[in-house]
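Working notes, beginning with the structure itself.
For ligands, and for the atoms within them, numbers begin at 1 and follow the listed sequence.
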Amino acid sequence: MADSVLLLGLVGLCFCLATASDHSPLQDFCVADSSSNVLVNGLTCKSPSLVQASDFSFSGLHMAGNTSNAVGSKVTPVTVAQLPGLNTLGISLVRIDYAPWGINPPHTHPRASEILTVLEGSLEVGFVTSNPENRLISKVLQKGDVFVFPVGLIHFQRNAGQVNSVAIAALSSQNPGVIPIANTVFGSNPDISSDILVRAFQLDKNVVGSIQSKF
Ligand SMILES: *[C@@H]1O[C@H](CO)[C@@H](O)[C@H](O)[C@H]1NC(C)=O
């Protein structure tokens, strides 16, 4: 009996330590006060008496993002930075536009799972499980299909057709964060030493330099 209580306690402890999502709110809302200099985990609250409907609203997600760039996609975010009412609520939204064959390159969100639905076109999507399996789980989605990318895992999308694609995705954080793999590894400021990247990626030094110069 005592053993099972101890085990339950340990399971509970491990669950708490492994939980990296946003905390639950302690009041109805905490609209972000962008003028405050107080630093907390999240953003400080505006006085509830000053809060307006516009603090809970964002406009413009009907507009296509500009995909004329190297990867052929554009993410339009609606996180706490665009919609202050999201502060402490643990959710956010993005619109993603894809040119034909455009990609949203491999990246990860340190603080959020992501659930995505295709509104127009079709998308090849996938994520890779953690080491040592590194299993690629991928699928081609059609309009109306939904896919989930578990928190922290590297994932990507590619427009699988000749026409523009559009997706909407919800994320389980007011501020999911994004770590694009290529940009962070090859485009850090200052650079990660090329000797480290040569060994890590088993590449020639000139190839590493060439990749670094693109980010
Ligand atoms: C889209 O972005 C490209 C590259 O930055 C720019 O040349 C073009 O004017 C933009 N198009 C629109 C409609 O804003």
Subject >> Short side-chain to backbone donor-acceptor contact, T108 and G152, under 3.5 Å >> reply: yes
Subject >> Salt bridge K143-D145, side-chain N to carboxylate O under 4.0 Å >> reply: no
Subject >> Donor-acceptor pair between D97 and T67 side chains, under 3.5 angstrom >> reply: no
Original post:
Of the protein's non-hydrogen atoms, which lies at the shortest distance from atom 4 (C) of ligand 1, and what is that distance?
Top reply: S68 O, 3.6 Å
Subject >> Nearest protein heavy atom with distance in Å, relative to atom 2 (O) of ligand 1 >> reply: N66 ND2, 2.3 Å
Original post:
Does the protein put a heavy atom less than 4.0 Å from atom 7 (O) of ligand 1?
Top reply: no
Original post:
Is any side-chain N of the basic residue among D22 and R111 closer than 4.0 Å to the acidic one's carboxylate O?
Top reply: no
